Each structure stands twice: as C-alpha cells, then as structure tokens.
Number of protein chains: 2
Amino acid sequence: MSEEQERVGALGPLVGYHLRRAFGAFAADFANAMDGTGMRQVLVGILAVVSGSPGINQGAVGRVLGIKRANMVSLINELVDMKLIERVVDPSDRRAFALTLTDAGRTMLTECLAKIEAHERAMLAGLSEAERATLLDLLGRIERREPAAG
Amino acid sequence: MSEEQERVGALGPLVGYHLRRAFGAFAADFANAMDGTGMRQVLVGILAVVSGSPGINQGAVGRVLGIKRANMVSLINELVDMKLIERVVDPSDRRAFALTLTDAGRTMLTECLAKIEAHERAMLAGLSEAERATLLDLLGRIERREPAAG
DNA sequence: TATTGTTATACTCTATAACTATA
DNA sequence: TATAGTTATAGAGTATAACAATA
C-alpha cells in the first residue's frame with residue numbers, strides 16, 4: 001500500500017488530520033453511491049430531517065444540520081423543484097414555510113437510505129460492530145462537546 | 001443543550017453523518033486557532049509534509065495529502081509568496097520543483113503546531129487518552145481501507 | 001427588537017480538460 | 001508515451017451583510 005500516505009510528518013498524531021481524510025473518503029464514496037439519483041449529502045440530510053419533523057420550517061432544518069439560513073434557500077428550492085418537498089406558508093407564523101415530504105420525497109429518501117446503508121457497510125467493512133458503535137460514540141461526543149467559553 | 005441537534009431522524013445511526021459534523025466542528029475551531037497567522041488547514045499540511053521530506057516536489061505533496069496537482073499550484077504559490085517555502089528547479093528532473101522550508105517556514109510550522117495541539121486538546125477534552133488513541137486507530141483504518149474493487 | 005426567508009456576494013475546496021516542457 | 005507543472009473553469013460548501021415581512 002502506498003508509502004506516500006505515511007509521509008505526513010507532524011500530521012500523523014493529529015485527530016483533525018485523520019478526521020479530514022476519513023471524511024473525504026466517505027464523501028467521495030457517498031457521491032458515488034448517489035450516482036443517478038441527483039441527490040447529494042446535504043439534500044438527503046434535509047429530506048431525513050423533514051421526514052422526522054413534518055411541518056418544520058427551513059431555518060430549523062438548518063439549525064439541526066448546521067447549515068446557515070442563507071444557504072438553506074437554494075437547497076430547499078432544489079428539493080421543491082424536484083417535487084420531493086412541499087413548502088406551504090405556516091398559518092401559525094406567516095413568516096415561515098412549513099415543509100413536508102411529497103410521496104416522491106418519501107420514496108426518494110427510502111431509496112437513498114438503502115444506498116447509503118450499502119455505502120456505509122462498504123466503508124466500514126474493516127470494523128467490527130463494536131468498533132462501529134465506539135466510533136459513533138466518540139464522534140458524537142466531539143459534536144456535542146461543551147463550547148470553549150460557556 | 002440544544003434538542004434540535006437530536007432531531008436528525010434516519011441520519012442518527014450513520015457514521016458518515018457524524019463524521020461530517022465532527023469534521024465541521026474541528027474545521028471551524030481550527031480556523032479560529034489559526035486566526036492571525038494567515039494559515040489554513042491545507043497550508044499547514046503542506047508545510048508539515050515538506051518539513052518531513054525536504055526536496056519533495058509538489059505533485060508528491062499533493063498525493064500525500066490527497067490534493068490534485070492542479071489545485072497544488074496556487075497553494076504552493078501562496079506559500080512561496082509568504083516566503084515560507086522555497087521552490088527551486090530539481091536538477092535531477094527539470095520538470096519538477098524541489099520544495100524546502102525557509103527559516104520563516106520552519107518557525108511558522110512550529111508556531112502553528114503549538115496552536116493546533118491546543119486546539120486538539122480543547123476539541124478532545126471529553127475523551128480519555130485511550131479513547132483518543134482508539135479514535136486515531138479507527139479513522140486510520142477507514143482512510144487506508146481496501147478499495148472496493150481491487 | 002427579534003426572527004424568517006431572501007438576495008447578493010465572496011472565499012475556499014474540489015474536480016476536469018487541455019496545454020507546455022521535460023523525461 | 002508518460003509525467004510535472006500550469007491555466008482555465010465549474011460546481012459545491014460555507015460565510016457575512018443587508019433587506020422585507022412578520023412576530
């Protein structure tokens with residue numbers, strides 16, 4: 001196996017470096033797995049969140065997924081144009097749009113999740129079930145860590 | 001702590017999703033840690049690789065770090081403009097440039113690595129030493145996994 | 001005042017194709 | 001022909017500032 005990957009000098013012991021490389025490998029394989037669906041990581045994420053919280057507005061979806069409001073606009077537009085998401089004015093707050101999946105959206109999400117599970121199995125083939133659980137736990141604790149100052 | 005982060009529906013059990021979020025948290029804090037230095041993740045990575053393999057050419061640096069040749073050009077230009085890297089024609093292969101760190105480059109790398117170690121300590125404060133080692137091991141095995149088809 | 005969605009904008013990262021000069 | 005570096009370009013992710021409508 002390529003020795004070049006070993007010559008990372010001072011980067012070797014850095015979790016951040018390996019996180020970047022592992023994330024990159026996952027992202028590339030994910031894009032491959034989505035081939036032909038017209039979907040991307042972020043779009044599937046939005047479908048999953050809307051599926052779990054029907055009627056949610058796009059600002060809230062953004063907060064769940066760590067996407068800025070300004071960047072949500074075109075993403076939601078894409079999904080509406082693809083007829084995967086329905087967007088209606090929320091009667092209880094007329095500034096906001098209530099989002100729900102269309103039937104096509106539910107089908108698409110189901111199909112994507114099946115492809116994603118295969119992609120995850122391939123990427124994690126070298127890890128035992130216990131190791132996958134450990135990885136999920138450790139990553140989760142990094143995400144939810146206490147912010148540095150309050 | 002924000003309940004919104006929990007409402008990820010089908011994304012919850014996906015390693016790829018949590019890898020994306022943990023990587024995002026690391027990247028944001030890394031950028032913060034580099035404040036005032038003019039450096040970014042990729043630039044520090046290049047300095048570290050050149051430091052470990054003086055005289056290496058930029059294509060090889062790109063292969064080590066997973067950066068395409070075309071994208072290396074402007075990155076190396078940046079580092080040369082900042083006078084952190086020296087680029088001389090390799091006498092043994094006049095197509096290539098041999099890269100080495102300048103004194104300023106060595107100083108910058110040392111300073112950045114100190115900041116990065118503090119950043120890593122902060123990001124991983126909730127993990128024991130054993131857990132950090134486990135995380136490095138698991139991420140490393142994902143990076144170096146066997147490609148799907150040969 | 002604060003919030004929702006929006007527009008405009010900019011920077012970075014990533015990717016591909018085509019070119020040159022050397023090997 | 002293959003490789004090192006380059007140029008041009010395009011798509012995607014991420015960030016901020018400012019605005020209108022509504023709360």
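Computed from a predicted structure; not experimentally measured. Within every chain, numbering begins at 1; the chains are lettered A, B, ... in the order of the sequence lines, protein sequences first and strands thereafter.
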Original post:
Just how far, in rounded Å, is P of dT3(C) from CE of M72(A)?
Top reply: 18 Å
**OP:** Would you check if there is a donor-acceptor pair between the side chains of R95(B) and N57(B) at a distance under 3.5 Å?
**Re:** no
Subject >> Toward the 5' end of DNA chain C, by each residue's nearest nucleotide, R20(A) or N71(A) >> reply: N71(A)
**OP:** Quickly work out the D90(B) CG to dA23(C) C1' distance and round it to whole Å.
**Re:** 12 Å
Original post:
Within this structure, what is the CZ-to-P distance between F97(A) and dA23(D), rounded to whole angstrom?
Top reply: 13 Å
**OP:** Assign R69(A) to base, sugar-phosphate, or nothing according to its heavy-atom contacts below 4.0 angstrom with the strands shown.
**Re:** base
Subject >> Distance test, side-chain N/O of Q58(A) to OP1/OP2 of dT6(C), below 4.0 Å >> reply: yes
Original post:
Are more than 12 heavy atoms from other residues, nucleotides or ligands located less than 6.0 Å from atom CD of E78(A)?
Top reply: yes
**OP:** Report the distance from atom CZ of R94(A) to atom P of dT4(C), rounded to the nearest whole Å.
**Re:** 16 Å
Original post:
Of all the nucleotides listed (dT6(D), dA15(C), dT12(C)), which has the minimum atom distance to the side chain of R40(B)?
Top reply: dT12(C)
Subject >> Proximity to the side chain of R95(B) - top-ranked nucleotide from dA15(C), dT6(D), dA4(D) >> reply: dA4(D)
**OP:** Hey, which sits more toward the 5' end of DNA chain D by its nearest nucleotide, K68(A) or Q41(A)?
**Re:** Q41(A)
Original post:
Among L75(A), I85(A), L109(A), which residue meets the side-chain contact (heavy atoms from CB on, under 4.5 Å) test with L43(A)?
Top reply: L75(A)
Original post:
Nearest-Å distance, CZ (F30(A)) to C1' (dA12(D))?
Top reply: 14 Å
Original post:
With a 4.5 Å heavy-atom cut-off, do E111(B) and T37(B) have their side chains touching?
Top reply: no
Original post:
Among dT6(D), dT7(C), dG5(C), which is the nearest nucleotide to the side chain of N57(A)?
Top reply: dG5(C)
**OP:** Figure out the CG/P separation between N32(A) and dT14(C), and round it to whole Å.
**Re:** 17 Å
Original post:
Within a strict 4.5 Å, meaning less than it, do heavy atoms of the F26(B) and V15(A) side chains meet?
Top reply: yes
**OP:** Could you check E78(B) against D93(B) and say which one's nearest nucleotide on DNA chain C is further toward the 5' end?
**Re:** E78(B)
Original post:
Which listed nucleotide (dT4(C), dT6(D), dG5(D)) is nearest to the side chain of A96(A)?
Top reply: dT4(C)
Original post:
Rounded to whole angstrom units, what separation is found between the CG atom of L75(B) and the P atom of dA15(C)?
Top reply: 13 Å
Original post:
Whole Å only: how far is the CE atom of M39(A) from the P atom of dG11(D)?
Top reply: 19 Å
